[in-house]
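Working notes for the structure below.
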Amino acid sequence: MTVTLTDTVPPSTTELLTGVLLGPDHLREHGFWQRLISTEPFRRPAGGTPEERLELAYDRLRILNLSLDSGARLAADPRALAALHAWLGPVDPALTTVAGIHYNLFLGSLLDHDCVGRRDLSDYLTMRRIGTFLCTEVAHGNNASAMETTATYDRERDGFVLHTPNAGAQKFMPNTSPAGGAKSGLVAARLVADGSDHGVRLFLVPLTDDRQALPGIRVRRLPARMGSPVDHCLTSFDQLFLGRDALLGPDEEGDTAGEFRTGPGDRRRRFLTSIGRVVPGRISMSACAAGSARATLAVAVRYGGHRLISGTRGAPPVPVSSHRTHHGPLASAMATVFAMSLLYRRAQERWEACTDEEGRAEAVRLVDVAKAWITWRARDVIVESRERCGAQALLENNGMTELVTGVEGAITAEGDNIALYTKAAADMLFAAEPGRENPTDRAPRAGDLSDPRFLAGLLASVQDIWFARARARVLRAADADTLGRWNAASGPALRGVEAYAHRQAAEAYAEARAALPEGAARDRLGELERLFAVEWVARNSGDLLAAGLLSADQVDALTETTEDLVAAVAAHARELADSFALPEELLADWPIAGPGYAHAYDDPQGPWNTGREDAR
């Protein structure tokens, strides 16, 4: 057959599902990173000490930087930063950490604050100096606005004296040692002038050369950390003088000639502005977790297809994935992974599209909740996938162990998950929509468990139920006891936030399904969508039954419905895993991802290779 220019080949089911996961413009947005991790420098090395792996991460960072047309362009593009995390995360968590800090937190903050272009960024764009970001202190993590590091204005020298006043004020952050080369950091410190506190600001500080910390700076490596071998350190400052140009941000409201004016609310506003890069950072954590979960699940699905076990008596061996006990958890994980990927993109798009303060606050809340929910669910998926691959998945060469521990870092990075849930819970509890106190007011009265619209209404009702319970508990608590009122409400309110995350993911599923043409891809996504929703409904079936939103027959039917959907998803597990678009070069580095995995354990001196027979 001769193909002419007018002929078009319709996309396959796998290609359509890849577009669902990665976005319609995924070739432009993700193609560079897929190609990069397929090259030789990013292939998985054999063994290596933690120090050697750390050195490799910094070597790869420089190779990555040389591959870019512009490091500044990457830093200014949140979608590109998220894609970086999604693809580098499964390859090298240590590289992902130092790259995210350099391009997003450090270089991105410099670009955001230096609006007049007065700084020479060439050292950081060429990697002559690697950028770090120092905000968290030993005694101040989620309450970073209370940090104690000070930058005191010295009027005579027209500069600042950076100082760490006590052990709790030491900066508790990654990659501030000389490992990997000379470092500079953006240090968050409390600006003090003439005895007045002007809030937390960022200061650009050279930290090390390629051998040691610079004078006035003390850097000590923290004890070994689980997971990737990043050089986490304690960093402190001893009356270190900085020139005035170390202060980031334009001169504003009289911030000239040593005059720093701070009106009501300015300190909080300036602090939030200083750490504004945590929002794209949280989107990147979501992308990283989703990418790592996709990789481990793809390996588990492949391994289950070619790992053979004994069949029934007299029958030939069968793949372990033929058993419901094996493929059931992976089918559920598949529905969750699609939900994670869709939710992070939904949060990213909402944040990019917001144009006013109210819309931005709501979009940031979705980003925060998505980051927490996605990283928690990624841990579930990664651990389940590891377990389905047995003892071999505990070996480092099979790629999963780094991701099991690496996702723990994502759970804590850019804001602890429970703190993000707590803030969202407080916002949603005390800013509840009028008329929403009774969850049955807008809930569907009848419906079919096979109808995604009916399931979506149930998911929204679960959210309403938990927030109604939280508000009721607040009203019963003593008015004078603020902490007591919050403690009374926080348990059900956090359940409400979890339900909100599920509802947002289900809505993202529905939008993605509606955008697909009729056919196999839409059917596959619909099966995943319903499995995701039905399993959440089943977990909350008692509450929905008590509220009159499910009948007893429907509750009884949930098990059968779930099992049918598990079977439908499991039947297409390999095709769904292929839609993750993982480069074959990446999978080839993980022996259990291929049918010849036993060859990775071959022994050239074994009797099967030497021709010796066992003694009789």
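Side chain to side chain, E137 and T149 meet the donor-acceptor criterion of an N or O pair below 3.5 Å. When only modelled atom types and interatomic distance are considered, S184 and R129 share a side-chain donor-acceptor pair under 3.5 Å. Inspection of the T18 and S579 side chains reveals no N or O donor paired with an N or O acceptor under 3.5 Å. Of the N and O atoms on the side chains of T375 and N417, at least one donor lies less than 3.5 Å from an acceptor on the other residue. Donor-acceptor pairing under 3.5 Å is lacking for the side chains of D416 and Y421.
Here the side chain of H232 pairs a donor or acceptor atom with the backbone of V230 at under 3.5 angstrom. Under a 3.5 Å cut-off, the side chain of D589 and the backbone N or O of R44 do form a donor-acceptor pair. N540 places a side-chain N or O within 3.5 Å of a backbone atom of W536 that can act as its donor or acceptor partner. Of the possible polar contacts, none joining the R277 side chain to the L107 backbone as a donor-acceptor pair under 3.5 Å is found. Judged purely by atom type and a 3.5 angstrom limit, H102 has no side-chain atom pairing as donor or acceptor with the backbone of I130. In this structure, the side chain of K171 does not engage the main chain of V187 through any donor-acceptor pair within 3.5 Å. Remark: the backbone N or O of T14 is not paired with any side-chain donor or acceptor of E575 at under 3.5 angstrom. Remark: side-chain polar atoms of T39 are paired, donor with acceptor, to backbone N or O of L36 under 3.5 angstrom. Although no hydrogens or angles enter the test, the distance criterion places a donor-acceptor pair under 3.5 Å between the side chain of T296 and the main chain of A293. A donor-acceptor distance shorter than 3.5 angstrom exists from the side chain of K371 to the backbone of A413, with no hydrogens or angles considered.
Scanning all heavy atoms of the two residues, the minimum distance from I63 to P41 falls at CD1-CB, 3.7 Å. S109 and L248 make their closest contact through O-CD2, 4.1 Å (heavy atoms, listed as atom of the first residue, atom of the second, distance). Closest approach of L420 and G415 over heavy atoms only: CD1-O, 3.6 Å. Heavy atoms only, all atoms of each residue included: V367 and A347 are closest at CG2-O, 3.8 Å. In terms of heavy atoms, H85 sits closest to L81 at ND1-O, 2.8 Å. Closest heavy-atom contact between A378 and V407: CB-CG2, 3.9 Å.
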Evaluate side chain to side chain contact (heavy atoms under 4.5 Å, CB included) for D92 paired with I37, printing each intermediate quantity in order.
CA-CA 10 Å; D92 189 338; I37 65 172; over 6 Å; no

Chi angles and distances behind the salt bridge (Lys or Arg N to Asp or Glu O under 4.0 Å) call for E584, R43
CA-CA 11 Å; E584 286 300 322; R43 301 298 294 271; over 6 Å; no

What do the steps show when you test Q348 against R79 for side chain to side chain contact (heavy atoms under 4.5 Å, CB included), and what is the final call?
CA-CA 8 Å; Q348 183 178 51; R79 283 181 177 261; 3.6 Å; yes

Which is it for I382 and S292 under the side chain to side chain contact (heavy atoms under 4.5 Å, CB included) test, yes or no, and what are the steps along the way?
CA-CA 8 Å; I382 292 169; S292 296; 4.1 Å; yes

Could you walk me through whether L186 and L110 pass the side chain to side chain contact (heavy atoms under 4.5 Å, CB included) check?
CA-CA 8 Å; L186 292 180; L110 279 176; 4.0 Å; yes

Salt bridge (Lys or Arg N to Asp or Glu O under 4.0 Å) for D231 and K183? Distances and angles first, verdict last.
CA-CA 12 Å; D231 48 323; K183 307 275 182 69; 3.3 Å; yes

Using the rule given for side-chain hydrogen bond (donor to acceptor under 3.5 Å, both in side chains), can you reason through T13 versus R524, listing the C-alpha separation, both sets of side-chain angles and the distance that settles it, and then say yes or no?
CA-CA 9 Å; T13 298; R524 300 293 82 77; over 6 Å; no

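Partners of E498 under the side-chain hydrogen bond (donor to acceptor under 3.5 Å, both in side chains) rule, at least two apart in sequence or in another chain, do not exist in this structure. Residues satisfying the ring pair (Phe, Tyr, Trp, His ring centres under 6.0 Å) test with Y509, not counting sequence neighbours, are F532.
In this structure, the separation between CG on L111 and CG on L121 is 6.0 Å, given to the nearest 0.5 Å. Expressed to the nearest 0.5 Å, how far CG of L204 lies from CG of L207 amounts to 9.0 Å. N175 CG to T97 OG1: the interatomic distance, rounded to the nearest 0.5 Å, is 8.5 Å. Between N104 atom CG and M285 atom CE the span is 8.5 Å, to the nearest 0.5 Å. The distance from the CG atom of L297 to the OG1 atom of T336 is 9.5 Å, given to the nearest 0.5 Å. With rounding to the nearest 0.5 angstrom, the OG1 atom of T401 is 7.5 Å from the CG atom of L403.
Between R73 and D77, no side-chain nitrogen of the basic residue sits less than 4.0 Å from a carboxylate oxygen of the acidic one, so the salt-bridge criterion is not met. Salt bridge R128/D123: present, at least one basic N to carboxylate O contact under 4.0 Å. Using a cut-off of 4.0 Å between Lys/Arg side-chain N and Asp/Glu carboxylate O, R522 and E527 are scored as not salt-bridged. The pair E362-R350 fails the salt-bridge criterion, with no side-chain N (NZ, NE, NH1 or NH2) lying under 4.0 Å from an Asp/Glu carboxylate O. Between E507 and R503 a salt bridge is recorded (basic side-chain N to carboxylate O distance below 4.0 Å). A salt bridge does not link E414 with R282: none of the charged nitrogens is closer than 4.0 Å to a carboxylate oxygen. Salt bridge absent: D368 and K423 never bring a charged side-chain N and a carboxylate O closer than 4.0 Å. Checked for salt-bridge contact, E535 and R530 miss the test: no charged N lies under 4.0 Å from a carboxylate O.
Between S67 and F32 the shortest side-chain heavy-atom distance falls below 4.5 Å. At a threshold of 4.5 Å between non-hydrogen side-chain atoms, the residues W486 and L429 count as touching. L84 has its side chain out of reach of S284: every pair of non-hydrogen atoms, C-beta onward, lies at least 4.5 Å apart. Using a 4.5 Å heavy-atom cutoff, the side chains of I275 and C135 are in contact. Using a 4.5 Å heavy-atom threshold, the side chains of T235 and M173 count as separate. Contact of the L582 side chain with the W87 side chain is registered, since non-hydrogen atoms from C-beta on lie closer than 4.5 Å. Contact of the Q463 side chain with the Q504 side chain is not registered, since no non-hydrogen atoms from C-beta on lie closer than 4.5 Å. A heavy-atom distance below 4.5 Å is found between the side chains of L342 and R345.
Taking the six-membered ring where the residue is Trp, the centroids of Y344 and W373 are separated by 6.0 Å or more.
Other residues, nucleotides and ligands place no more than 12 heavy atoms under 6.0 Å from the CD atom of E55. Heavy-atom contacts from other residues, nucleotides or ligands closer than 6.0 Å to CZ of F172 number 12 or fewer.
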